[in-house]
Amino acid sequence: MSSTYKIIKYLIDIGPVIIIPGLLLFIGFFSTKNVLRNIKNCLYIFLGMVGVSLLLTIFVNFFNPLTSTILINSLKDYTLIDTGWMLTEIVSLSSPILLYIILAVLSLNLLMLFFRFTRTINIDLWSYWSFLLAGSITYIIIEVQWIGILIAVIIAAITFTLSDIYAHHIETYYGIKGISNAQAHIICWAPLSHIVNAILNKIPFIKRIHLFYDEIQYKLGFFSEPMIFGFFVGFVIGLITRYRTLMLNMGPDLLYACSSGLRLAIIMILLPRFVNLLMKGLIPAIDDLQGLIERRVARKTIYIGLDSIVLVGHPSVIGLSIVVIPLTIYLSTLLPGNNVLPSADLVMIPFLIIWAVTLSCGDLFRSFISSMLTIPLVLWITTDMGQFFTNYLVKYEFGLVEGYSGVSSISASSNIFFWILLQIIKPIINLFA
């Protein structure tokens, strides 16, 4: 299994930024006769994804001074630290059933397509890490291979079904035809946002409240320009960060607020441009792939499962993230039962609220309500999973983070359906222990 491990680790390490353009480039040689256009489209996709990925990291890091200020003024004593992808990778690649899980999930996807249980074909091989993680965690707990594979297959079946159900919302809101979001830890939050919108539509006064990003831009006029809006929001965040010394050290603190505004303004200017670059290549590449499927496979619509990075750069998602990211830290200081400090995986927050924005069609009021339900649930689940991750690292003699008695990971814990399955399995395990 060592060669299999190396291949799987290599695919996970290179990430979706290379895997998706690479696969589309390869498929494009069969889907279109225009080779140069295929190469150009995939180059646009690659450059767009690289730009979005880098700017998203810079965007999240922008909030570090503000989150530090929130934590300094909090009396919360965290016992768990969010170590992010490092922990996810260690656990997801730790079991001997990796190849079996991949083969089982691939077979399941093909069978579901054949029997018309789904119309999604997942070409994002990188996103298979969420299935590997679910199966690996189950195997580590139970030490029975077939149960670990079964749990991974169940998570995959739920993922493909949900991605199929909600695919048309991507076309409706983002204008991208023929793709779906086949990522287990992201699409699992779509039903929650769906329920929230359905409930809000039943409340007489609340159902009339709408706050669309496009309308805000129209009403603000000049101030809605990404550069101006970004500078103003960044300037305010800079002032909040330095509020303790503002009156005593006004000159340097105002300069800091201005530099903070400039940093956010640059991000707000560049991010839409990279998103446009991504879409410039993605839309024709997907159209060519859909044409190949209709000619060679079936005339019905087949959705192409892609990574959430193609959606996360939308202005409504980024605009809502400006509020939700610092609020996540603040909520973590107040939320009863939460013992995890969101840290390395704060970059996950924009991804986790994608479906809150999508299913409300960009209504920031409804998106915010959905997000404020999603984030506490993620923090509670991450706290609950902390015991498993900590025990695992201690058992296999990995080091813990100094100052904390345990570790956890938001990305590794954000699949609510897997967490529910674990709660069902635990009592059964205890009966036969």
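Residue indices begin at 1 and follow the sequence shown. Everything numeric in this text was worked out from a predicted model, so none of it was measured.
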Using side chain to side chain contact (heavy atoms under 4.5 Å, CB included), reason through L98 and S136 one step at a time and then give a plain yes or no. CA-CA 8 Å; L98 300 184; S136 298; 3.8 Å; yes
CG of L341 to CD1 of I81, rounded to nearest 0.5 Å, is 4.0 Å
Side-chain donor-acceptor contacts of residues 45-64 below 3.5 Å, not counting sequence neighbours, with atom names and distances?
{"from": "T57", "atom 1": "OG1", "to": "S53", "atom 2": "O", "distance (Å)": "3.1"}
{"from": "N61", "atom 1": "ND2", "to": "T57", "atom 2": "O", "distance (Å)": "3.2"}
{"from": "N64", "atom 1": "ND2", "to": "N61", "atom 2": "O", "distance (Å)": "3.3"}

Side chain to side chain, N122 and Q183, heavy atoms closer than 4.5 Å: no
With a 3.5 Å distance limit and no angle check, can you tell me whether Q290 reaches the backbone of G178 through a side-chain donor-acceptor pair? yes
In this structure, which one of I170, L282, D124 forms a side chain to side chain contact (heavy atoms under 4.5 Å, CB included) with V310? L282
Dump the intermediate steps for side chain to side chain donor-acceptor pair (under 3.5 Å) on N38 and T32, then the final yes or no. CA-CA 7 Å; N38 176 39; T32 178; over 6 Å; no
Given side chains that start at C-beta, do those of I410 and P342 come closer than 4.5 Å, heavy atoms only? yes
Are Y128 and F131 near enough that their ring centres are under 6.0 Å apart? yes
Would you say that P191 contacts L162 through its side chain, given a criterion of any heavy-atom pair below 4.5 Å between the two side chains? yes
On a heavy-atom basis, which atom in S193 and which in L359 lie closest, and how many Å separate them? CB-CD1, 3.8 Å
Can you tell which of T383, L331, L80 makes a side chain to side chain contact (heavy atoms under 4.5 Å, CB included) with N338? T383
Kindly say whether R119 contributes a backbone atom to a donor-acceptor pair with the side chain of D164 at under 3.5 angstrom? yes
Heavy-atom count around H169 NE2 within 6.0 Å, excluding the residue itself: above 12? yes
Would you confirm whether D345, through its side chain, and S411, through its main-chain N or O, come within 3.5 Å as a donor-acceptor pair? yes
Using atom types as modelled and distance alone, determine if a side-chain donor or acceptor of N339 lies under 3.5 Å from a backbone N or O of T79. no
Looking at A167, is its backbone amide N or carbonyl O close enough to the side chain of E171 to form a donor-acceptor pair, meaning the two atoms are under 3.5 Å apart? no
Shortest non-hydrogen contact between A104 and V153, atoms and distance: CB-CG2, 3.7 Å
At their closest point, which heavy atom of T88 faces which heavy atom of A412, and how far apart are they? OG1-CB, 3.5 Å
Can you tell me how far CD1 of I420 sits from CD1 of I158, rounded to the nearest 0.5 angstrom? 8.5 Å
Is the closest side-chain donor-acceptor distance between Y303 and S163 under 3.5 Å? no
Taking the side chain as C-beta and beyond, is there a heavy-atom pair between L352 and V324 under 4.5 Å? no
Taking everything shown except F26 itself, do over 12 heavy atoms lie less than 6.0 Å from its CZ? no
For H185, run the side chain to side chain contact (heavy atoms under 4.5 Å, CB included) check against W129, F418, F351 and tell me which one passes. W129
Pick from V378, D384, L379: which one makes a side chain to side chain contact (heavy atoms under 4.5 Å, CB included) with T382? V378
Is it the case that the side chains of S360 and S367 hold a donor-acceptor pair, with the cut-off being a distance below 3.5 Å and no angle test? yes
Going from CG on L311 to CD1 on I176, what distance comes out if it is rounded to the nearest 0.5 angstrom? 5.5 Å
Output the distance between atom CE (M385) and atom CG (L87), rounded to the nearest 0.5 Å. 9.0 Å
Is it true that a side-chain atom of R116 and a backbone atom of M112 form a donor plus acceptor pair closer than 3.5 Å? no
Between N109 and L106, is a side chain to side chain contact (heavy atoms under 4.5 Å, CB included) present by the stated rule, with each step listed? CA-CA 5 Å; N109 196 182; L106 280 170; 5.8 Å; no
Could you walk me through whether Y174 and T358 pass the side chain to side chain donor-acceptor pair (under 3.5 Å) test, one step at a time? CA-CA 8 Å; Y174 297 95; T358 305; 2.8 Å; yes
Looking only at heavy atoms, what is the nearest atom pair of T390 and G406, with distance? OG1-CA, 3.2 Å
Is there a side-chain contact between I322 and V233 in this structure, where contact means two heavy atoms from C-beta onward sitting under 4.5 Å apart? yes
Short side-chain to backbone donor-acceptor contact, S107 and L103, under 3.5 Å: yes
How far apart are the closest heavy atoms of P21 and I18, and which atoms are they? CD-O, 3.5 Å
How many angstroms lie between CH2 in W189 and OG in S371, if you round to the nearest 0.5 Å? 11.0 Å
Please report the shortest heavy-atom distance between I309 and L278, naming the atom on each side. O-CD2, 4.3 Å
Taking side chain as C-beta onward, heavy atoms only, is N201 less than 4.5 Å from R366? yes
For the aromatic rings, using the six-membered ring if either is Trp, is the centroid distance between F365 and H210 under 6.0 Å? no
May I ask you to check whether Y173 and H314 place their ring centers less than 6.0 Å from one another? yes
Output for pair (D307 CG, N181 CG), nearest 0.5 Å, gives 8.0 Å
Under 3.5 Å, side chain of T241 to main-chain N/O of P65, donor-acceptor pair present? no
I'd like to check S408 versus F388 (side-chain heavy atoms, cut-off strictly below 4.5 Å). Are they in contact? no
Taking the cut-offs as 6.0 angstrom to the six-membered ring centre and 45 degrees off its axis, would you call R242 and Y256 a cation-pi pair? yes
After noting the C-alpha distance and the side-chain angles of T67 and Y330, does the key distance pass the side chain to side chain contact (heavy atoms under 4.5 Å, CB included) rule? CA-CA 8 Å; T67 56; Y330 186 64; over 6 Å; no
Could you tell me whether Y243 atom OH has more than 12 heavy atoms of other residues or ligands within 6.0 Å of it? yes
Salt bridge present between D288 and R37 (N-O < 4.0 angstrom): yes
Is the shortest side-chain heavy-atom distance between S409 and D82 below 4.5 Å? yes
Check the pair W419 / Q423 against side chain to side chain contact (heavy atoms under 4.5 Å, CB included), numbers first and verdict last. CA-CA 6 Å; W419 181 80; Q423 308 317 302; 3.1 Å; yes
T118 side chain to T120 backbone, donor-acceptor under 3.5 Å: yes
Any luck finding a side-chain donor-acceptor pair between Y78 and S332 under 3.5 Å? yes
Under 3.5 Å, is there a donor-acceptor pair between the side chain of N276 and the main chain of P272? yes
